[in-house]
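Here the structure is laid out as structure tokens; the discussion comes afterwards.
Reminder, nothing fancy here: chain letters follow the sequence lines and each chain counts from 1.
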Amino acid sequence: MSRKTPSLFSAALVGPALAGSVRKLDPRAMIRNPVMFVVEVVAALTTVLFLRDLAAGGSDLAFSGQIILWLWFTLLFANFAEALAEGRGKAQAESLRRTRTEMTAKRLTGQDGRYETVPGTSLRVGDRVLVEAGDLIPSDGEVVAGVASVNEAAITGESAPVIRESGGDRSAVTGGTQVLSDAITVRITAEPGSTFVDRMIALVEGAARSKTPNEIALNILLAGLTIVFVFAVASIPSFARYAGGTIPVIVLVALFVTLIPTTIGALLSAIGIAGMDRLVRFNVLALSGRAVEAAGDVDTLLLDKTGTITLGNRQATAFRPVRGVSERDLADAAQLASLADETPEGRSIVVLAKEAYGIRARDMAARNATFVPFTAQSRMSGVDLDGSAIRKGAVEAVIAAVSTRPLAHRGSNAALAYAPEAESEAVAEIRAIAEEIAKGGGTPLAVARDHALLGVVHLKDIVKGGIRERFAELRRMGIRTVMITGDNPMTAAAIAAEAGVDDFLAQATPEDKLALIRREQAEGKLVAMCGDGTNDAPALAQADVGVAMNTGTVAAREAGNMVDLDSDPTKLIEIVGIGKQLLMTRGALTTFSIANDVAKYFAVLPAMFLGLYPQLQALNVMGLASPQSAILSAIIFNALVIVALIPLALRGVAYRPVGAAALLRRNLLVYGLGGVLVPFLGIKAIDLAVSALHLA
Amino acid sequence: MTLDGWIQIALFCAVVLALVKPLGLYMTRVFTGVPTPLSPVLGPVERGLYRLAGIDADHEQSWLGYGLAMLAFHALGFVLLYAVLRLQAVLPLNPMDQAAVAPDLAFNTAASFVTNTNWQNYGGESTLSYLSQILGLTHQNFLSAATGIALAVALIRGFARASARTVGSFWVDLTRCTLYLLLPLCAALTLFYVAQGMPQTLAPSVAATTLEGAQQTIAVGPVASQVAIKMLGTNGGGFFNANAAHPFENPTALANVVQMVTIFALGAGLTNVFGRMVGDERQGWAILAAMMLLFVAGTAVTYWAEAAGSPVLNGLGLTGGNLEGKEVRFGIPASALFAVVTTAASCGAVNAMHDSFTALGGLVPMLNMQLGEIIVGGVGAGLYGMLVFVVVAIFVAGLVGGRTPGYLGKKIEAREGKMAMLAVLCLPLMMLGLTALATVLPAAPAAPANAGPHGFSEILYAFTSAAANNGSAFGGLTGNTLFYNVTLALGMLVGRFFVILPALAIAGSLAAKKRVPASAGTFPTDGGLFVGLLVGVILIVGGLTFFPSLALGPVVEHLAGAAGQTFATGG
């Protein structure tokens with residue numbers, strides 16, 4: 001389930017964002033963004049000069065005043081973009097914060113079940129608390145005793161309760177979620193203020209944001225370009241003096257600010273926050289911006305077979321009788337043995353029998369039926385009815401059972417006495433069928449009635465619909481998929497071929513997974529995986545993108561760098577897409593920003609030098625009305641383009657899973673070539689407006 | 001423009017392109033230590049040299065070690081050259097009794113030759129002894145060229161290697177480059193030039209009596225050998241003041257073409273070395289394609305501008321091409337082509353006076369240098385300059401492919417970005433900064449010969465040429481003054497070494513990285529898209545910075561000329 005997203009410019013968000021944009025003018029905050037900091041310094045200096053001129057009565061004050069005004073607007077727009085991005089996160093954090101209010105905890109004081117009621121905030125790591133039906137779980141922890149159904153809607157948005165129990169892979173509980181039934185004892189695993197929800201709030205609000213490696217790199221590029229343009233602009237006064245004139249400071253400032261990459265500088269942090277935010281709305285929590293970036297760079301995806309590639313359960317797809325038994329007989333026996341079997345496999349046998357042979361449910365009570373449940377020892381289940389015993393189960397288990405002794409001691413049919421020769425022929429046949437099924441990626445389930453082997457039910461892993469196409473998409477993006485499964489290599493190979501993954505790891509142990517990740521990383525590749533168990537923790541920690549399932553253990557959640565609140569391993573594929581989208585958005589706006597400079601030069605330079613050399617009017621290719629309106633239009637365009645691109649920065653560049661070459665071609669065309677052309681049109685349009693309004 | 005002219009240009013391009021593969025193969029073998037046909041002869045010499053110098057040929061250096069070795073070597077070379085110039089009066093091989101070179105001129109000249117610039121604030125035949133020419137200049141012509149190539153190879157190794165800590169040995173690269181590449185080629189070229197009629201003698205100038213009975217001193221000297229390396233090593237320093245316009249330095253049309261081809265040969269061949277060493281020749285061709293695209297465009301503009309002639313004269317009804325300052329033996333196309341070639345590469349040899357070109361015809365050579373001479377470029381310097389731009393281009397636009405930037409399986413991260421920007425920054429700083437200084441300082445402005453935009457162009461051209469390590473000049477500027485000697489030397493040194501060191505640092509950090517195998521998600525860098533991107537980034541990041549200065553120089557000169565306006569010569 002995704003959260004409701006407030007529309008981009010809704011009043012609830014814009015109001016606080018406007019206030020935020022003024023607050024963010026604080027130079028101490030501004031210095032984190034070198035390009036905009038330079039703009040602020042320049043704006044402040046020109047304001048001081050302007051005030052001096054105002055007092056002294058300089059000329060062209062209206063023009064200077066407007067330029068300075070737009071310099072400040074440029075800054076405010078940049079801050080607005082960031083504040084708006086943060087605001088969207090804050091709206092989400094608000095709902096989380098509500099869960100934290102005024103919680104009390106029943107802290108256990110001894111082994112006898114007595115407890116004291118304390119405020120939730122006083123709990124420390126290692127405390128044990130009792131949580132009963134209706135109570136909120138006071139902090140993150142691990143269930144050490146009991147089983148309970150828990151409503152985790154507060155963090156996942158999913159209202160169906162989940163089971164949390166001690167031991168195993170479903171022992172982690174999150175502070176702020178509610179126990180619906182039963183009671184559990186929870187050992188607290190997080191200090192106050194650093195719980196999962198706390199971290200989540202900090203992340204979505206952008207408070208805990210530190211620059212990612214790529215952002216740092218990009219900032220270096222932008223700072224470098226800014227310095228280049230310092231040289232370009234700072235040398236102009238001397239050149240002008242040589243040509244016998246002077247250029248007003250305000251005009252130089254206007255040229256400088258339009259040339260430096262303010263567009264991307266203004267939107268860079270908003271893009272980063274929005275990327276995290278997109279993940280959150282997708283119910284995935286990235287614990288660092290770095291992880292989101294890494295997701296875009298992933299080369300190898302490790303995917304668990306069950307739940308990601310195949311539906312969670314195997315399904316019966318065929319009845320394969322031995323010679324002398326009809327398919328219908330086999331289906332009938334298998335159905336009887338499965339009627340009381342509530343496992344998905346059992347149900348799928350009943351469904352198949354009904355669909356293929358019209359065999360319906362029967363009144364079992366009337367036939368004096370006794371169900372025999374599956375045990376790990378017998379590896380069979382079945383039913384005793386009308387004096388005969390029907391069993392289904394692992395092939396070797398069933399063969400062993402029919403060979404050694406009669407299935408039921410009170411058998412009435414004496415004719416079916418133990419006949420070793422006949423049996424061995426059937427055994428061979430059963431084994432042959434079983435092997436054939438296994439080779440095809442299926443799981444054989446033998447069925448026997450009393451002493452007789454009837455045949456084999458073909459259980460098959462059902463590959464999820466559309467997954468093959470998803471893998472083809474990934475391949476086009478240059479991402480290799482590796483299926484991880486506990487199956488034997490033969491079965492794994494068949495499923496891998498059917499699903500279209502590039503590779504598989506069969507009979508995988510956690511150590512195998514870890515080794516595979518290390519091997520890929522040694523080749524310089526980035527690996528993403530998801531996992532939930534404690535034994536996944538080392539691999540999750542090793543992977544560049546480790547997505548822990550929210551249902552998983554505390555260890556797994558600590559090891560990963562993302563948590564999927566829906567516990568849906570398929571999401572790994574979307575996470576990669578969101579990472580790529582983030583990187584693309586950054587690249588697109590950087591390209592656009594730099595490409596803009598061509599038009600800005602053509603707007604400002606002729607205007608600037610017209611006093612020195614009237615011939616340079618020829619460079620005024622846009623035919624801008626006057627030098628002042630040209631300069632003003634350029635600076636207005638420079639400021640307004642930030643606002644115009646906020647939606648793109650927050651929503652991200654449209655991403656389609658095609659190869660890098662196609663993405664590049666499209667994006668370079670749109671944002672590179674577009675970046676060259678758009679400002680010509682934009683500046684011209686603004687110039688028309690400026691001259692119509694007699695602003696300059 | 002004539003068909004004949006275009007055929008000359010096309011022929012030149014065809015010859016250069018034809019040489020790329022064979023030279024690339026040979027150079028790759030030289031720098032990867034694979035035996036070459038010359039090894040049986042030169043192998044013992046090479047090993048002898050290492051023994052003599054106490055060099056372990058198998059010991060490779062880190063990027064820093066490599067860089068420090070290079071700096072130490074050049075510091076020593078600088079001091080030696082300076083000493084020879086200052087002491088030439090008392091040293092042998094001085095038949096014309098040239099006096100000691102003045103300190104500031106010697107400083108400028110030493111910087112000029114050590115940096116592969118060959119800016120000449122002196123007239124060769126009237127200032128330098130033969131020893132200065134041979135020992136000082138020709139010797140640096142070889143070593144500065146070999147250094148450029150060695151550094152390009154070190155940077156290539158950075159891209160080609162994975163998880164490595166070293167980028168090669170500076171001593172070995174320098175020795176092998178000189179021994180296997182420059183010396184044999186120069187020997188062959190010298191013989192060819194002598195056959196074309198270039199002098200090669202240690203005898204003093206020849207005194208001749210003209211038909212009118214006047215006495216004339218005709219300068220000769222070891223010309224052919226110096227011309228060979230001046231072109232091949234993109235040095236450009238002429239034996240004569242008139243450089244390649246002098247009949248002894250450029251005797252025939254064939255010699256003219258061969259000189260132009262040799263300017264481009266090694267630089268273009270290095271792109272193939274790059275391709276071969278990174279394991280995909282197409283990568284090299286893509287880079288060469290970007291270079292050639294800019295080259296052909298520049299040549300077309302210059303040829304068009306020169307063939308169209310001066311707008312002022314055209315306005316007066318004197319139509320026809322601009323032949324002012326050109327050798328009539330070569331005509332407009334070969335002069336325009338030469339000018340673009342020599343400034344695209346960091347050669348600086350001239351066969352026509354760039355100062356006399358039309359405004360737009362002179363703009364192209366200037367822009368070629370302002371872009372950092374990455375269009376084929378100086379031997380080695382062109383390639384490493386281009387690779388710096390590749391890093392910037394990948395850095396700017398790599399993200400739009402949905403991945404953090406990477407090139408040839410190497411991630412381009414903050415460190416590489418920082419170094420690339422440093423290298424990109426130092427050129428505008430020197431070119432624009434020093435021009436700005438020269439235009440306002442009271443000590444300087446007397447120097448240019450022309451007033452108005454053209455005088456400005458002359459100053460801008462000088463500092464551009466110096467910082468780009470080109471060495472060609474807009475002749476009008478009086479460069480041999482204390483101010484220009486010192487500032488130009490500063491521009492040359494910064495323009496050379498402040499690009500080299502960041503490039504080496506990039507080599508070091510790339511070599512240490514793992515190499516990610518290419519996949520469908522990798523930025524394809526061997527196609528037209530990448531070439532287009534690279535050209536765009538070069539023009540926008542490298543070129544736009546100079547737009548204001550070009551607007552105030554050649555652009556305004558052209559526009560004013562078209563309107564029939566000229567600028568009075570001041571003083």
Check: Measuring heavy-atom distances to chain B, does A:Ala223 have an atom under 4.5 Å in its side chain, in its backbone, in both, or in neither?
Finding: neither
Checklist line | Proximity of B:Phe474 and B:Phe456 rings by center, below 6.0 Å | finding: no
Margin query: Please rank B:Gly433, B:Ala551, B:Gly527, B:Gly417 by heavy-atom pairs under 4.5 Å with chain A and give me the top one.
Written below: B:Ala551
Check: Taking everything shown except A:Phe680 itself, do over 12 heavy atoms lie less than 6.0 Å from its CZ?
Finding: yes
Note to self: Salt bridge check, B:Lys410 against B:Glu416: does any charged N sit closer than 4.0 Å to a carboxylate O?
What the structure shows: no
Next item on the list: Name the region of B:Lys513, side chain, backbone, both or neither, that has any atom closer than 4.5 Å to a heavy atom of chain A.
Entry: neither
Notebook entry, point to check: Side chain, backbone, both or neither: which part of B:Ser163 has an atom under 4.5 Å from a heavy atom of chain A?
Noted result: neither
Note to self: Looking at chain A, which one of B:Leu422, B:Thr435, B:Leu460 has the largest number of heavy-atom pairs inside 4.5 Å, strictly under?
What the structure shows: B:Thr435
Next item on the list: Select one option (side chain, backbone, both, neither) describing which atoms of A:Val653 are under 4.5 Å from chain B's heavy atoms.
Entry: neither
Check: Do NZ/NE/NH1/NH2 and the carboxylate oxygens of A:Arg470 and A:Glu574 come within less than 4.0 Å?
Finding: yes
Margin query: In this structure, is the centre-to-centre distance between the rings of B:Phe523 and B:Tyr407 below 6.0 Å?
Written below: no
Next item on the list: Identify the residues of residues 663-673 of chain A whose heavy atoms come closer than 4.5 Å to a heavy atom of chain B, ordered by number, or report 'none'.
Entry: A:Leu663, A:Leu664, A:Arg665, A:Asn667, A:Leu668
Item checked: Positive for side-chain contact (heavy atoms from CB on, under 4.5 Å) with A:Gln521, one of A:Thr300, A:Asp299, A:Asp544, A:Leu526 -> A:Asp544
Check: For B:Leu544, is it the side chain, the backbone, both, or neither that has a heavy atom closer than 4.5 Å to a heavy atom of chain A?
Finding: both
Next item on the list: Check whether A:Arg475 gets within reach of chain B through its side chain, its backbone, both or neither, counting any heavy atom under 4.5 Å.
Entry: backbone
Next item on the list: Mind running side chain to side chain contact (heavy atoms under 4.5 Å, CB included) on A:Asp503 and A:Thr481 for me, showing each step along the way?
Entry: CA-CA 6 Å; A:Asp503 202 355; A:Thr481 45; over 6 Å; no
Margin query: Just verifying a value: how many Å separate B:Phe389 CZ and B:Ile538 CD1, rounded to the nearest 0.5 Å?
Written below: 6.0 Å
Check: Using non-hydrogen atoms only, which part of A:Leu221 is less than 4.5 Å away from chain B: side chain, backbone, both, or neither?
Finding: both
Notebook entry, point to check: When you check the side-chain N and O atoms of A:Asn638 and A:Thr262, is any donor under 3.5 Å from an acceptor?
Noted result: yes
Next item on the list: Please flag which part of B:Leu432 lies under 4.5 Å from any non-hydrogen atom of chain A: side chain, backbone, both or neither.
Entry: both
Notebook entry, point to check: Where does A:Asp297 contact chain B at under 4.5 Å (heavy atoms): side chain, backbone, both or neither?
Noted result: both
Margin query: Do B:Thr404 and A:Glu293 pair up side chain to side chain, a donor and an acceptor below 3.5 Å, judged on atom types alone?
Written below: no
Checklist line | Spacing of CG belonging to A:Leu583 relative to CG belonging to B:Leu399, to within rounding of 0.5 Å | finding: 5.5 Å
Next item on the list: Name the region of A:Leu612, side chain, backbone, both or neither, that has any atom closer than 4.5 Å to a heavy atom of chain B.
Entry: side chain
Check: With chain A, which of B:Leu533, B:Val516, B:Leu552, B:Thr545 has the greatest number of heavy-atom pairs at distances under 4.5 Å?
Finding: B:Leu552
Margin query: Is A:Phe239 in contact with chain B via its backbone, its side chain, both, or neither, using a 4.5 Å heavy-atom distance?
Written below: both
Check: If you count heavy-atom pairs under 4.5 Å with chain A, which of B:Ala562, B:Pro428, B:Ala560 comes out on top?
Finding: B:Ala560
Note to self: How about CZ on A:Arg290, more than 12 heavy atoms from neighbouring residues, nucleotides or ligands closer than 6.0 Å, or not?
What the structure shows: no
Notebook entry, point to check: Relative to chain B, which segment of A:Ala243 carries a heavy atom at a distance below 4.5 Å: side chain, backbone, both, or neither?
Noted result: neither
Margin query: Taking NZ in A:Lys600 as the centre, count heavy atoms belonging to other residues, nucleotides or ligands within less than 6.0 Å. Is the count above 12?
Written below: yes
